[in-house]
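What follows is a single structure, written as structure tokens, with notes after it.
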Amino acid sequence: MTLLTACGGDTEDAAKVGLDGVGKKDESTGAHKLRSAMPTNKSVSNGLVSFGGEDAVVLEGDQARQPCEEGTSTPCDGLVGVGRKLVVAKDATDRQIEFTLYSFGAQEAAEAASTALVNRTFARKDSVGDLPLEIGADETEVFNISGGRADVILRVGNVVAYVSAARKEDLSNAAKVQVDLIKKAA
């Protein structure tokens, strides 16, 4: 079972490699695809700010269920894997961006998790706004937080991404990078 099924493609070809969740489980391929969708320090750096950080953590199967349930407040039915990455600006430790990906075997499961995550986040945040640019996600919800922080929840096909930036000005670039990486990995 491959972790990312975010973007279209030929269903017949997808079934051959397990992209539709029907084929044989291939954890090494799934982990590789999810890791490919995780931002790197270089991909997040925008020319003005250089980011560093640890390698992404990728969990599959049963190991991924608890972080998914805690993160989305759902039973995470159809979950395939979870990835997490934290990057920190090399010139300012208070300038951080955290990326969390939840990959599901079906779009309906991703939609349910995305909706629950939005509702849960909305209950804890100050206000909701829009990203100032089109980033190509199927769903986008932005949360402006006091103190200059901002979070965005994105859904691209079967993948839900939660991006949290300590500085609001870093969010648009980070969200765009995340969407592009999900589409590329799919």
Side-chain angles (χ1 to χ4, degrees), residues 3-8 33-58 67-68 71-73 81-104 107 109-186:
L3 291 178
L4 291 175
T5 59
C7 298
K33 283 194 171 273
L34 186 55
R35 193 169 306 282
S36 296
M38 298 301 302
T40 63
N41 300 334
K42 184 177 180 180
S43 69
V44 178
S45 298
N46 62 14
L48 301 173
V49 180
S50 180
F51 285 92
E54 300 293 320
D55 290 337
V57 174
V58 175
C68 179
T72 65
S73 298
V82 173
R84 192 167 276 147
K85 167 84 172 159
L86 176 68
V87 296
V88 180
K90 291 182 179 178
D91 64 347
T93 57
D94 68 332
R95 195 168 188 174
Q96 316 178 35
I97 307 169
E98 183 175 1
F99 299 87
T100 305
L101 293 182
Y102 304 98
S103 181
F104 294 88
Q107 183 172 321
E111 289 171 350
S114 178
T115 299
L117 187 54
V118 166
N119 291 338
R120 178 178 177 220
T121 304
F122 183 71
R124 299 179 301 162
K125 307 300 182 194
D126 294 340
S127 64
V128 179
D130 290 320
L131 279 176
L133 57 99
E134 175 57 42
I135 58 171
D138 296 324
E139 296 177 14
T140 305
E141 291 290 338
V142 180
F143 298 88
N144 299 306
I145 305 162
S146 60
R149 291 188 56 88
D151 295 354
V152 63
I153 299 167
L154 309 160
R155 186 186 59 77
V156 181
N158 295 5
V159 179
V160 176
Y162 184 87
V163 181
S164 179
R167 292 192 184 175
K168 190 178 189 177
E169 63 266 24
D170 293 328
L171 189 64
S172 290
N173 180 61
K176 176 91 172 103
V177 166
Q178 183 61 85
V179 169
D180 291 347
L181 288 169
I182 292 169
K183 288 181 175 184
K184 184 178 177 184

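- Here the closest heavy-atom approach between residue Arg120 and residue Thr72 is recorded as NH1-N, 4.0 Å.
- Partners of Glu139 by salt bridge (charged side-chain N to carboxylate O under 4.0 Å, His left out), not counting sequence neighbours, listed by chain and number: Arg155.
- Across all their heavy atoms, Gly157 and Asp138 have their closest contact at N-OD2, 2.6 Å.
- The backbone N or O of Leu117 sits less than 3.5 Å from a side-chain atom of Thr121, completing a donor-acceptor pair.
- Every residue meeting the side-chain contact (heavy atoms from CB on, under 4.5 Å) condition with Ala56, not counting sequence neighbours, appears here in chain and number order: Arg35, Met38, Lys85.
- With rounding to the nearest 0.5 Å, the separation of SG in Cys68 from CG in Leu101 is 11.5 Å.
- Applying the side chain to side chain donor-acceptor pair (under 3.5 Å) test to Gln107 and every residue at least two apart in sequence or in another chain returns Glu111.
- Residues passing the side-chain contact (heavy atoms from CB on, under 4.5 Å) test with Lys90 are Ser50, sequence neighbours excluded.
- Nearest heavy atom pair, residue Gln178 against residue Ala37, reads NE2-O, 2.8 Å.
- Of the inter-residue distances, the one linking Asn173 atom CG with Ser45 atom OG reads 9.0 Å to the nearest 0.5 angstrom.
- Under the side chain to side chain donor-acceptor pair (under 3.5 Å) criterion, Thr40 pairs with Ser43, not counting sequence neighbours.
- Of all non-hydrogen atoms in Ala137 and Leu154, the two that sit nearest each other are CB-CD2, 4.1 Å.
- Between Asn41 atom CG and Phe51 atom CZ the span is 9.5 Å, to the nearest 0.5 Å.
- Nearest heavy-atom pair across Gly83 and Leu34 is N-CD2, 3.8 Å.
- Residues Val160 and Phe104 meet the side-chain proximity criterion, which asks for heavy atoms closer than 4.5 Å.
- The closest donor-acceptor contact from the side chain of Asp151 to the backbone of Phe143 lies at 3.5 Å or more, if one exists at all.
- Within 6.0 Å of CD on Glu54 lie no more than 12 heavy atoms contributed by other residues, nucleotides or ligands.
- With rounding to the nearest 0.5 angstrom, the OG1 atom of Thr115 is 9.5 Å from the CD1 atom of Ile153.
- Here Leu171 contributes atom CG and Arg149 contributes atom CZ; the two are 10.0 Å apart, rounded to the nearest 0.5 Å.
- Listed by chain and residue number, Glu98, Thr100, Tyr102 satisfy the side-chain contact (heavy atoms from CB on, under 4.5 Å) test with Arg84 (two or more places apart in sequence, or in another chain).
- Here the CG-NZ distance, from Asn144 to Lys168, works out to 3.5 Å after rounding to the nearest 0.5 Å.
- Between Ile135 and Ser172, the closest heavy-atom pair is CG2-O, 4.5 Å.
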